[in-house]
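Report on one structure; see the data block that follows.
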Amino acid sequence: MIAGPRERGIGMTSQRTRERLVRRLGDEGIRDARVLNVMRHIPRHLFVDEALASRAYEDTALPIGHGQTISQPYIVARMTEALLRGGHEPRSVLEVGTGCGYQTAVLAALVPKVFTIERVRALYSMANERFRELKLYNIRQRLGDGYKGWEGEAPFDGILLTAAPPQVPQGLLDQLAVGGRLVAPVGETGHQVLRVIDRTDSGFEVREENRVSFVPMKEGLE
Ligand code: SAH
């Protein structure tokens, strides 16, 4: 996957800088070695504007235009870990909110098939270019409203939201396979928590975890 000098990175985007980020994620409590390893290798600086590349391995959210952000690495790691925890090995995952595509790329390194939906056309196109550049062929993208999910490909073993709805949309719970798990930030801005929902034979098991801060999930196309 890693090829030319831009991908390899120099100085502030070098392997050493990435190692520092991964160490920090470990210090913050990320334990899943698979997740840490993937984050060590995915060039996050390619997912942000070149002017921000030198800050790509800081543990912080960064602007990606259109009022949206690339999620903080800790949150990407935390949500991915939550999706896989307890021996879960999803074969297919639906992500709502492609944004710049960084979380999508992390998922694509760990899950055989990743479906991702974005409502802003410009972000959809930018992510598309990056997936091609990085040869991530197990990602399928759609421009659309994530509230509706992706009917034709459901059910999914995993669903991950990277924008926060006020409540978990029932339409998405319906597209979760029995034995599957949904991970989502839920709530109004300033009062969001990370929710992990497992679908069992008899219904849904809901857990509330960290307090988080995501952009709101909006309805319809931009
Ligand atoms: N996954 C990104 C985070 C992007 S921010 C990362 O790795 O950094 C959240 C994204 O969700 C934004 O791009 C926003 O446009 C998108 N979004 C918000 N509501 C949506 C909806 N209903 N359907 C699809 N995408 C949505």
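For ligands, and for the atoms within them, numbers begin at 1 and follow the listed sequence.
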*Could you tell me which residues satisfy side chain to side chain donor-acceptor pair (under 3.5 Å) with N210, sequence neighbours excluded, listed by chain and number?*
Y74, R78

*asked:* Quick test of your reading of the structure: of I70, T98, V96, whose heavy atom lies closest to atom 2 (C) of ligand 1?
replied: T98

*Quick one: which ligand 1 atoms are inside 4.0 Å of a heavy atom on G99?*
4 (C), 13 (O)

_Can you name the atoms of ligand 1, numbered from 1 with element, that are less than 4.0 Å from a heavy atom of K218?_
18 (C), 19 (N), 20 (C), 21 (C), 22 (N)

*Under 3.5 Å between some N or O of ligand 1 and some N or O of G146?*
yes

_Ion pair check, D198 and R207, cut-off under 4.0 Å_ = yes

*asked:* Any carboxylate oxygen within less than 4.0 angstrom of a Lys/Arg side-chain nitrogen, looking at D145 and R119?
replied: no

*Relative to the heavy atoms of V120, which atoms of ligand 1 are at a distance of less than 4.0 Å?*
15 (O)

*Going by an N to O cut-off under 4.0 Å, is there a salt bridge joining E28 and R24?*
yes

*Find all atoms of ligand 1 within a distance of less than 4.0 Å from any non-hydrogen atom belonging to A163, and give their numbers and elements.*
11 (O), 18 (C)

_Quick check on contacts: which atoms of ligand 1 are under 4.0 angstrom from a heavy atom of V215?_
5 (S), 9 (C)

*Is any N or O atom of T104, backbone or side chain, closer than 3.5 Å to an N or O atom of ligand 1?*
no

_Taking the basic N atoms (NZ, or NE/NH1/NH2) and the acidic carboxylate oxygens, is any pair closer than 4.0 Å for E205 and R199?_
no

*Is it possible for you to check whether R44 lies under 6.0 Å from the centre of the six-membered ring of Y102, through NZ or CZ, and within 45° of that ring's axis?*
yes

*Looking at ligand 1, does any of its N/O atoms fall within less than 3.5 Å of an N/O of G97?*
yes

_With heavy-atom distances below 4.0 Å as the criterion, list the atoms of ligand 1 near T69._
3 (C), 4 (C), 5 (S), 8 (O)

*Atom indices of ligand 1 within 4.0 angstrom of Y147 heavy atoms, with elements*: 22 (N)

*Check each heavy atom of Q68 against ligand 1 and say whether those closer than 4.0 Å belong to the side chain, the backbone, both or neither.*
side chain

_Heavy atom of the protein closest to atom 9 (C) of ligand 1 (residue, atom name, distance)_ = T162 O, 3.3 Å

